[in-house]
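To start, the structure under review is shown below, and the notes come after it.
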Amino acid sequence: MSIKVEEKLFQNRYKVDSGRPHISIIDEDKCRNQCEAQACTVCCPAACWTMEGNGQVTVISDGCLECGTCRIICDEHQNVAWEYPRGGYGILFKFG
Amino acid sequence: MAEKFDVIVVGAGPSGNAAALRLAESGLSVLQIERGESPGSKNVQGAILYSDALEKLIPDFRDDAPLERHIIEQRMWVLDDDSFVGTHYRSDSFNKEPYNRYTMIRSQFDKWFSERVQKAGALLICETTVSHLLLDGQRVIGVMTDRQGGEIYADAVILADGVNSLLAKKAGFHPELKPKNVALAVKEIHFMPQEVIEQRFGVKGDEGVVIEMVGKITKGMMGTGFLYTNRESVTIGVGCMLSDFKNQKVTPYELLEQMKQHPSIQPMLAGGEMKEYTAHLIPEGGFNAMPDLYGDGWMIVGDAGMFVNAVHREGSNLAMTTGMHAADTLIELKAEGKEFSKANLKRYKARLDESFVMKDMKKYKNMPEVFHTNPQFFNDYPDLISQAARTMLTVDGVDKKTKEREIRKSFRQRRSLFGLMGDAFKLWRALE
């Protein structure tokens, strides 16, 4: 089954803090060379994490639901720098 | 000189609101800091509200709280790929006021709760993220926010910052959460006319139905699905342990989408309009995974303290109750003129130990481990139960005694006689 998560996220309300992503990779080399599972690219509920063709993992946190999955799932490498967005930015749940 | 309060409460969810309300009512100066644009805009829950905990804080909450439907029927479904076996419990006694539990919509509920807190005298600032705690040695003396001149001081800080509990972690009070101690839940809200909900679920007025589901919908992962009826919408979701998502390489929204296609679930959503998709972690590690709950100048309440009873699907009631006890501890100490030191805040833990909170946390302390190490409860049994029902209910000329033999055989083949006895024993011990 191929699901377009974008269609789901499209229903949500966001105030994106342009140019100030609240999630980043600490050491990109670690993702490429030391991590086999790359679970972040599978388990992020907003599909913020992608494995590129060259084996590099990238993150775009615009659609982030601020759950914390990527940070906790990276337990072996602890390679995710994760903060909440600045006050007022990020996901704004209409219903929650 | 930066401002100083008696207490800073970080977060305006159920635990933070409970604490701030109580403190403000007792005349302490309270600053509450919320990172969302308004209380609730960062918060996610199923959501069921259990009346009891809120009643203790706001006895007249039913007068104006935004509640959706009171629950008169609970369904428990065990699903395989194309069927479910279930029990329904419906009672007119649930239709007698005061109602015991309700569905609710968190963004509305939290906003309402916060208005009560502000009316009681607490100062709320929104759109403000606390970046870390201010420490003097081991003692918490305030918080650093992302506002200009962001330092704010207090005699105590109540950490009601939710499941991720970043502040206590940054301060070194507890380590990072482990994937096996949190569940990841995803859900959607589907809007449909009130009459459709009434017809579809056999309810009238404000009556509501909840359905809890286990079985193939979680692909063998430890977890459950749920469907709750709101006034003009239905919430559908599924949550499983994060370690299982990781090990089995499952994508959460695909899991939810497949669940929605189940032939027993699809008709309940038909014609609805999906208006929001959310994800949230639930701290389900239980008693054995709980962090330290207090120290010099700080206390942890709600999800941040892993206060969730996963077996009974309780969390927000534990959040409110822990918030209340944290506040009452401070109120008591203040009245006695004692400082908010670690030695004195031990009373918070003592209060929790005496309440249902810790009693329940302790009662189910082995449950997470039993389910983690025995996937058959989420895998084999749903299949077996469903097959058994199908076998008995299919009229095909085979006599019932033969059918019973077939069913017994299928259980023994899948789990072995010792396996079955062992499973019964494990469950009994864990629930004892």
Side-chain angles (χ1 to χ4, degrees), chain A residues 1-15 17 20 22-23 35-51 63-96, chain B residues 33-38 40-45 47 105-110 125-131 145-147 161 163-164 166 176-179 181-182 184-186 188-189 230 233 235 242-243 245-247 249-254 256-258 261 274-281:
Chain A
M1 193 189 309
S2 128
I3 314 294
K4 283 207 168 63
V5 73
E6 295 80 10
E7 286 171 18
K8 293 183 187 294
L9 300 175
F10 182 71
Q11 297 297 327
N12 295 355
R13 206 174 135 234
Y14 294 94
K15 185 172 168 192
D17 199 359
R20 295 179 69 147
H22 66 284
I23 300 174
C35 179
E36 292 201 357
Q38 300 183 343
C40 53
T41 65
V42 177
C43 299
C44 169
C48 293
W49 295 79
T50 318
M51 189 177 54
C64 179
L65 299 165
E66 298 167 27
C67 67
T69 291
C70 56
R71 190 189 77 251
I72 295 171
I73 216 166
C74 191
D75 53 336
E76 289 150 54
H77 302 289
Q78 299 190 19
N79 201 26
V80 180
W82 200 101
E83 294 284 343
Y84 282 121
R86 277 197 297 162
Y89 288 94
I91 181 78
L92 300 167
F93 291 117
K94 297 178 286 185
F95 307 103
Chain B
I33 306 175
E34 163 60 43
R35 66 189 186 88
E37 68 171 359
S38 60
S41 69
K42 293 290 183 182
N43 304 347
V44 175
Q45 191 187 334
I105 288 175
R106 274 292 297 274
S107 64
Q108 294 164 11
F109 177 81
D110 289 4
I125 52 169
C126 290
E127 300 194 307
T128 304
T129 302
V130 173
S131 47
T145 71
D146 62 355
R147 291 211 175 185
D161 55 340
V163 55
N164 280 293
L166 295 187
E176 180 62 278
L177 290 156
K178 293 187 175 69
N181 289 333
V182 288
L184 169 61
V186 287
E188 293 175 356
I189 188 165
N230 307 314
S233 60
T235 302
L242 191 53
S243 46
F245 272 112
K246 182 179 180 178
N247 295 336
K249 299 182 168 59
V250 174
T251 300
Y253 47 86
E254 287 178 5
L256 176 61
E257 209 54 35
Q258 281 166 26
Q261 304 306 321
M274 199 278 270
K275 288 200 176 169
E276 190 170 69
Y277 162 69
T278 62
H280 194 62
L281 294 177

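Heavy-atom basis, side chains included; hydrogens, waters and symmetry copies ignored. Naming convention: chains lettered A, B, ... in sequence-line order (proteins, then strands); numbering from 1 in each chain.
- B:Glu276 places a side-chain N or O within donor-acceptor distance of the main-chain N or O of A:Lys94, the cut-off being under 3.5 Å.
- Formation of a donor-acceptor pair under 3.5 Å by the B:Tyr277 side chain with backbone atoms of A:Val5 is not found in this model.
- Looking at A:Tyr89, only its backbone comes within 4.5 Å of chain B, counting heavy atoms on both sides.
- Here the side chain of B:Lys275 pairs no donor or acceptor atom with the backbone of A:Phe95 at under 3.5 angstrom.
- For the atom pair SG of A:Cys44 and CZ of B:Phe245, the computed distance is 11.5 Å after rounding to the nearest 0.5 Å.
- Only the backbone of B:Asn43 comes within contact range of chain A, with at least one heavy atom under 4.5 Å from a heavy atom of that chain.
- B:Ala279 approaches A:Leu65 most closely through the heavy-atom pair CB-CD1, 3.6 Å.
- Contacts between B:Glu34 and chain A at a heavy-atom distance below 4.5 Å are absent for every atom of the residue.
- No donor-acceptor distance shorter than 3.5 angstrom exists from the side chain of B:Thr278 to the backbone of A:Gly96, with no hydrogens or angles considered.
- Of all non-hydrogen atoms in B:Leu166 and A:Glu83, the two that sit nearest each other are CD1-CA, 4.4 Å.
- Proximity of a side-chain donor or acceptor of B:Asp146 to a complementary backbone N or O of A:Arg86 within less than 3.5 Å is not detected.
- Counting heavy-atom pairs closer than 4.5 Å to chain B, the top-ranked of the candidates A:Gly90, A:Gly68, A:Ala47 is A:Gly68.
- With hydrogens and angles disregarded, no donor-acceptor distance shorter than 3.5 Å links the side chain of B:Glu176 to the backbone of A:Ile72.
- Proximity of B:Val182 to A:Thr69: side-chain heavy atoms (C-beta onward) are nowhere separated by under 4.5 Å.
- Closest heavy-atom contact between A:Val42 and B:Pro252: O-CD, 3.9 Å.
- B:Leu177 touches chain A through backbone and side chain together, each having a heavy atom under 4.5 Å away.
- For a residue to count as touching a neighbouring chain, one of its non-hydrogen atoms must lie under 4.5 Å from one of that chain's; by this rule B:Leu184 touches chain A with the side chain only.
- Annotation: B:Met274, atom CE; neighbour count of heavy atoms from other residues, nucleotides and ligands within 6.0 Å is above 12.
- If you measure heavy-atom distances from B:Val186 to chain A, the contacts under 4.5 Å come from the side chain alone.
- A donor-acceptor pair is defined here as one N or O able to donate and one able to accept, closer than 3.5 Å; no such pair exists between the side chain of B:Lys246 and the backbone of A:Ala39.
- For A:Phe93 against B:Ser107, the heavy-atom pair with the smallest separation is O-CB, 4.0 Å.
- Within the 4.5 Å cutoff, the side chain of B:Glu257 has heavy atoms near those of the A:Lys8 side chain.
- Residue contact with chain A, scored on non-hydrogen atoms closer than 4.5 Å, involves the backbone of B:Thr128 exclusively.
- A:Glu66 contributes atom CD, which lies 4.5 Å from atom CZ of B:Arg35 (distance to the nearest 0.5 angstrom).
- In this structure, OG1 in B:Thr129 is found 10.0 Å from NE2 in A:His22, a value given to the nearest 0.5 Å.
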